[in-house]
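For reference, the structure discussed in these notes is given below.
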Amino acid sequence: MVTDSRRYWIDTMSRIAEPVLNALSEKRLKASMPVKGDPSRIPYMHLEALGRLLAGMAPWLETGGRSGEEGELRERYAELARRAIDAGTDPESPDCVNLTQGEQPLVDMAFLAQAILRAPTELWDKLDARVKKNVTNALYTLRRVRPFYSNWLLFAATVEACLFRIGEQWDPMRIDFALKQHEKWYLGDGMYSDGEEFAWDYYNGFVIQPMLIDILDTVGDQYQDWAASRPVVLQRAKRYAAIQERLISPEGTFPPIGRSLAYRFGAFQPLSQMALREDLPEKLAPPQVRCALTAVIKRMAEAPGFYDDRGWLSIGFCGDQPEIGELYISAGSVYLCSLVFLPLGLPAESPFWRDADQEWTSRKAWSGLSFPIDKSL
């Protein structure tokens, strides 16, 4: 049975995805995608939209419903996604994405690589041999970029993990360096610094914690020290997920702190990822997390101006607020919000979707109800 919450999540994700995948699958994304933000970002925004959108949709494409209305919709979007990957990586396509100009393509090829890791059957195995070759060449091309000394190390590592997963030549050193540096940047209580100095933002959510998990899930058994780090990384991610759930207010809001706020509810990727893995912290019930995340999605996706008059996402935090977009924010980069939808990869019969609604921590606390004490890691 598809619950109202699951249907709402699917409907919202579909509305976000439709303009991107429909246009790119028909090789008209560059002709139809609006320009928002700094015009200097035009060369990057098409790969940004493709990689970031699919990174969030991938679990649903891979393990979402196979029957009924959801099954038909999932199959349609899986086919659109494969056609979009083809259009974006084919050198002869008018929508071939930029892989050679600037450093930014490393970031968004990494998100596409992450999508393949999350949906290897739908987004890799079912690709034609020609498309697989184009994707592989694109992954190799991004080795030209030297990542910045920050979370960017994980983009290079994710590309290498994907090359490993698809049976191509991979470079363990790029992964090892990223893992070791992030271990040095661990601050305690489930938080990593993004580089040598800590900044209070949501990059633990947008990039760091989820990519560490996906990389180690893929190649963690290749070296003993990588294998030993995996349970530690997961324990930290669980703690960070617990913190994220407590950041959601009774009204479904969260603090607008730090950079990249235009990625909206993509900030909650770690909480969504731990729900998908069915490995939430002990005191967090799956339906409690569902209700908290649904409240956030509704606050943002139903705000006036979330979509423009053609259905594309606007730049903003809660509505159309272009002034909060940094110079690197574009019409494509904002599709990182899709990362919140990872739990759609769970079956409709799972406790996350099936069990009765439960209040989340802030609603309990601010209603005078009993709620658990918070404990640091």
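Atom set for the values below is all heavy atoms of this structure, side chains included, hydrogens, waters and symmetry mates excluded. Positions are given from 1 along the sequence.
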TODO: Any chance you could measure Glu302, atom CD, to Tyr307, atom OH, to the nearest 0.5 Å?
DONE: 9.0 Å
Open item on the list: Would you say CZ of Arg146 has more than 12 non-hydrogen atoms from neighbouring residues, nucleotides or ligands within 6.0 angstrom?
Closed with: no
Task: Distance-only side-chain donor-acceptor flag, Tyr77 / Glu18, under 3.5 Å - done: yes
Task: NZ on Lys36 to OG on Ser333, rounded to 0.5 Å - done: 11.0 Å
Open item on the list: Between Glu75 and Arg82, does any NZ, NE, NH1 or NH2 come within less than 4.0 Å of an OD or OE carboxylate oxygen?
Closed with: yes
- [ ] Salt-bridge test for Asp86 and Arg130: reply yes if a basic N is under 4.0 Å from a carboxylate O, no otherwise.
- [x] yes
Open item on the list: If we check side chain to side chain donor-acceptor pair (under 3.5 Å) with Ser330, which of these qualifies: Gln104, Glu48, Arg41?
Closed with: Glu48
TODO: With Arg363 as the cation and Phe371 as the aromatic partner, state whether NZ or CZ is under 6.0 Å from the six-membered ring centre and within 45° of the axis.
DONE: no
TODO: Can you measure from CZ (Phe254) to CZ (Phe265) and round to the nearest 0.5 angstrom?
DONE: 9.0 Å
- [ ] Return yes if a side-chain donor-acceptor contact under 3.5 Å exists between Glu245 and Thr361, otherwise no.
- [x] yes
Open item on the list: For Ser260 and Glu326, which I'm curious about, is there any donor-acceptor pair between the side chains at under 3.5 Å?
Closed with: no
Open item on the list: Looking at Glu197, I'd like to know if its CD atom is crowded, meaning that more than 12 non-hydrogen atoms belonging to other residues, nucleotides or ligands lie closer than 6.0 Å.
Closed with: no
- [ ] State whether the side chain of Gln209 and the backbone N or O of Gly190 hold a donor-acceptor pair below 3.5 Å, judged by distance alone.
- [x] yes
Task: CZ-CZ distance between Phe306 and Arg15, expressed to the nearest 0.5 angstrom - done: 8.5 Å
Open item on the list: Please determine whether a side-chain nitrogen of the Lys or Arg among Glu282 and Lys238 lies less than 4.0 Å from a carboxylate oxygen of the Asp or Glu.
Closed with: no
TODO: Applying ring pair (Phe, Tyr, Trp, His ring centres under 6.0 Å), run through Trp60 and Trp9 and close with a yes or a no.
DONE: CA-CA 11 Å; Trp60 179 67; Trp9 281 47; over 10 Å; no
Open item on the list: To the nearest 0.5 Å, what is the distance between CG on Leu80 and CD1 on Ile85?
Closed with: 11.5 Å
Open item on the list: Tell me whether Glu168 is salt-bridged to Lys133, with the criterion being a basic N under 4.0 Å from an acidic carboxylate O.
Closed with: no
Open item on the list: For the residue pair Asp38 / Ser40, report whether a side-chain donor-acceptor contact shorter than 3.5 Å exists.
Closed with: yes
